[in-house]
Amino acid sequence: MTSETTSDLPTTFDPADIEARWYEHWETSGLFRPERPSAEPFTIVNPPPNVTGSLHIGHALDNTLQDIVVRHERLKGKDALWVVGVDHAGIATQMVVERQMAERGEKRTDYSREQFVEKVWEWKEQSGGTITRQLRRLGCSMDWSREQFTMDPHFSKAVTRTFVQLYNDGLIYRDKRLVNWDPALKTAISDLEVETRDVQGHFWRFRYPLADGTTLDHPDFAGQDYIEVATTRPETMLADMAVAVHPSDERYRSVVGKHIVLPITGRRIPIVADEHADPELGSGAVKITPGHDFNDFEVGKRAGIAPADMLNMLDADAAVVQTADGKVPNELVGLDRFEARKRVVAMLKDSSHLVLHVTENDGERIEHEAEPRTIATPFGDRGGVVIEPWLTDQWYVDAQKLAKAPIEAVREGDVEIVPKSWEKTFFNWMENIQPWCVSRQLWWGHRIPAWYGSNGEVFVAETEEEAYELARHSGASRNPEGGAELDPGLRRGDEIKLSRDPDVLDTWFSSALWPFATLGWPEGPTPNPSLQEKERDLPSDSEASRSEVGASDLLAKHYPNDLLISGFDILFFWDARMMMMGRHLTGENPWKRLYLHGLVRAADGSKMSKSKGNVVDPLGLIDRYGADALRFFMAAMESQGRDIKMDESRVEGYRNFATKLWNATRFCQSQGISASDTIAAPPARLAANQWIVGEVAKTVNALDKALAELRFDAAANLVYHFAWDRFCDWYLELIKPVFAGEADSPAAIETRAVAGWALDQILVMLHPFMPFITEELWAKQGAMTGKSRADYPIITAKWPDPQASVNDEAVAAIDWVIALTTATRAARNELGISPGAKLAAFIPNPSAVAAQVFERSSAAIERLARLTPVTIGEAPEGPAMQVTAGEDVVVIPLEGVVDIAAEKARLEKALAASRKEAKSLEGRLGNPKFVEKAKPEAVEKARADHAHHSAEADRLEAALARLG
RNA sequence: GGGCGUAUAGCUCAGUGGUAGAGCACUGUGUUGACAUCGCAGGGGUCGGAAGUUCAACUCUUCCUACGCCCA
């Protein structure tokens, strides 16, 4: 505790202490969402982090930006709601729990599905709260009282409802198609979850013998009894079903419709004409494996092969299985895909069906089995293994239809994407969107509400009872045997036996409902009990009446949301899907604006990743510099459309900024400057006070504009420079002389009021960026008055509204003082004159501004410029230093002190600069085209600048002349 | 191959059709009882390259180069 001042603030502040104290207070006092029933709503939903997640630097950025917006809106008096929660993260969570089981030597399949899911819930209870605790350390003011989880009962209900509705609307269907199969996780994944990476692979060439004695008749291959094909995946030849050639390829025209007898399997397959074959590539003929390649699947369909008839040669582990036609040699069955690849190549080599790749080295012929080649290979972003295109039955969402409304919304400007440059990417993806595979072969997640009859009929319903109801009404197949073959766990209803689809839904399917399901859609979270009763009596298919009755106040008030802030990396995964679901299910766009920010990169610009070991832990930064400094860094660096490169020295700089503000407040307290009690600026007569009031007004306006445009960097810098440069460096210095006099003089009373008010405005404006230190200082300022601010914390204070305008005279006066001070300091510095030495000054013909300043603010001149006394009139003859301020020249005699040569050099340098400027402007003004064509304001400004610089040059010339 | 983005002071980044700024780093210096996590002063940039539009281009257009990202 310091005793040097009346302030009870320690000389340095301890962020850790302040942060823990205030967060706890805010949360327990319900200040993150105060009761404001009649206030205008403002709503943001937080991109739900994975329940398995822990806070990384990207979360820190994303949540800091959201918190800035939410705190700003809350300060502006809105009913600001920031919805928070976590995502059940199907694959990731199941992996975590399975890994734990593996450590105990157990497997998922040692348990029943129900038991396993129970284990996951147990894990969630124990370890699932990591990231929510960490978000608190960042100071994020979300509404924890309504924390959400995508597996919560009400949310699960919304997911089920959605699936059923989309199914009934014909927007969800079951289809046999190729999916991206992850053999490690044994589940289908969406195309977005596939990461294509270049890997070193090989390109093999095979001879496929023509059947029935056919030969090629083209001169290039006359008499050849085989067709050459090439592949990067030889093992798939076991399931080849055709060879394709381009329809216009003369070389193969004669054999289209003829057949090939495949080596190894002996399968007889047709030669088909298809545009997919590229005549320029290799031999121009390609092997077609419709069951294991996306392009080949399409070729196969065009060739008349139904998906159900496409041959499959791999199991869920990507090991070889017998094909439907039974032609795969037994020695290959059961081999892993990569082992099978080796074996197939060896077999083809042995049977002379392999075309060797020949290179020359120093004239020596070298034979290789294949040509080395870089191959774009799909990997699962979770499992990390090569993805296998696999033919399965899966559930698909008709994304193409759902995408229409969102595309329109963005095009019409109903949803604004910020920065706008992302619109093109959005359109490009949405316009070429593929069916969205939403089923996952997992146990953890929302189980698909589809039941199958014994003949494969599908019944989609919200409950099993409803499914049976549907089945009965549909006249579904009866099961006269009584269902003896059914699993014992299955329910039986009458003579109909249904079994539920074992799969769960893609996690993004549920998170797509986040903006409205978190607010109670389709029911309300607190519906009127009587209405609830009534609802139960409603027929289950009465969609419209149900949602009308169930719609909560919360949903009505906070949906659509105002804004969504997310990283651009989840634009397709999540943002676009929210738009699709929102539009279809609620008829509304989920939010009015979408702000996309970039990635936080390592200091060298590379992507942070655990494997590279260059991950910066935000919690470590908070430990070292405080949450406020980290947040301010994030805001100051967030310019639209650019990634953020980690720069710890900047975080440190913003920690210093916090210290600066801390000490400025200590100074204020030492002078008896305390909390303000008005929103409006206090009345002021002193120039410095009038000036700072105007500066506050300007800053608030600019800050509101920057925040409205989501220019976080501009907003942060405005507050930073106002607080440091204007308030600390000038205003506090300007008012210090006032406190040297009578403590209860009118000037001192006015200044304390204005300074206290201005400091409060800084704290409020800075609060969204640095919530902790501002709350602490706000409280301490309140304590200064003897009247606690416990009932009026800054988090729910009022946003500045100075109700005052800029006083031009005050601005001119203070600008002049600043100009004189700066010029004098610079001159002293250059001439090596002690900065502290007080010097007498003379001003022969003061301008109006100068005269006024000397009359009203001579103490400030004495203190800042260290000039005293200042005499209006000619300086005595002799060596002197001369400085200019505005239109004035101030002569500072320095008998025996000043080095005339140095002063001359200094003035000459300044003169040269002024002349250069003046000359350049003169040139421009002398150009008739400029005067004629340029905007009048530009010409006017050039004239004014020219006048200024030539006058300045004249003054400097006169000053030089005075020196002789 | 298609699309997008970025190239501005040693480093990290703002910026506007009228002649360039911040933070950090650097140099010099420390006067007033808030602050050395500070103050004051200063040095430093042909705004990636070329061409064009314009009275005027760092800013707009085209091309080129480099790097990054997304999609195929």
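Below, chains carry the letters A, B, ... as their sequence lines are ordered, and counting in each starts from 1.
Atom CD of residue A:Q669 and atom OG of residue A:S674 lie 8.5 Å apart, to the nearest 0.5 angstrom. To the nearest 0.5 Å, the span separating CD on A:E917 from NE2 on A:H948 amounts to 9.0 Å.
Contact annotation: A:R642 reaches the phosphate of B:rA7 (side-chain N/O to OP1 or OP2, under 4.0 Å). Phosphate contact (OP1/OP2 of B:rG17, side-chain N/O of A:K935, threshold under 4.0 Å): absent. Within the structure, every side-chain polar atom (N or O) of A:N428 is placed at least 4.0 Å from both OP1 and OP2 of B:rC71. For the OP1/OP2 pair of B:rA34 and a distance below 4.0 Å, the side-chain nitrogens and oxygens of A:K736 include at least one atom meeting the criterion. Residue A:K424 has no polar side-chain atom (N or O) positioned under 4.0 Å from OP1 or OP2 of B:rG3. Here A:K660 does not reach the OP1 or OP2 of B:rC35: none of its side-chain N or O atoms lies under 4.0 Å away. Of the side-chain N and O atoms in A:R711, one or more sit less than 4.0 angstrom from OP1 or OP2 of B:rG15. Here A:W724 reaches the OP1 or OP2 of B:rG39: one of its side-chain N or O atoms lies under 4.0 Å away.
Here the side chain of A:R601 is nearest to one of B:rA34, B:rG68, B:rC38, namely B:rG68. Ranking B:rA34, B:rC38, B:rC13 by closeness to the A:E733 side chain, first place goes to B:rA34. Candidate nucleotides B:rU31, B:rA34, B:rC69 were compared by shortest atom distance to the side chain of A:F667, and B:rA34 ranks first. Distances from the side chain of A:K933 to the nucleotides B:rC38, B:rA22, B:rC55 place B:rC55 closest. Closest to the side chain of A:K909, out of B:rU19, B:rG43, B:rC4, is B:rG43. Residue A:L732 has its side chain nearest to B:rA34 when only B:rU31, B:rU32, B:rA34 are considered. The side chain of A:F572 lies closest to B:rC70 when the candidates are B:rA22, B:rC55, B:rC70. In this structure, the nucleotide among B:rU19, B:rC38, B:rC13 sitting nearest to the side chain of A:N656 is B:rC38. Between B:rC55, B:rU31, B:rG28, one nucleotide has an atom nearer to the side chain of A:N829 than all others, and that is B:rG28. Listed nucleotides B:rC13, B:rU37, B:rG23 differ in distance to A:R655; the shortest reach to its side chain belongs to B:rU37.
Residues A:S834 and A:D729 each lie close to RNA chain B; by heavy-atom proximity, the contact nearer the 5' end of the strand is made by A:S834.
For the C1' atoms, the distance from B:rG10 to B:rC26 is 8 Å, rounded to whole Å.
A salt bridge between A:R711 and A:D713 is present, with a side-chain N of the basic residue lying under 4.0 Å from a carboxylate O of the acidic one.
A donor-acceptor distance shorter than 3.5 angstrom exists from the side chain of A:Q761 to the backbone of A:W757, with no hydrogens or angles considered.
When heavy atoms are screened at a 4.0 angstrom cut-off, A:T425 is found touching no nucleic acid atom at all.
Atom CD of A:E298 sits in a crowded spot, with more than 12 heavy atoms from other residues, nucleotides or ligands closer than 6.0 Å.
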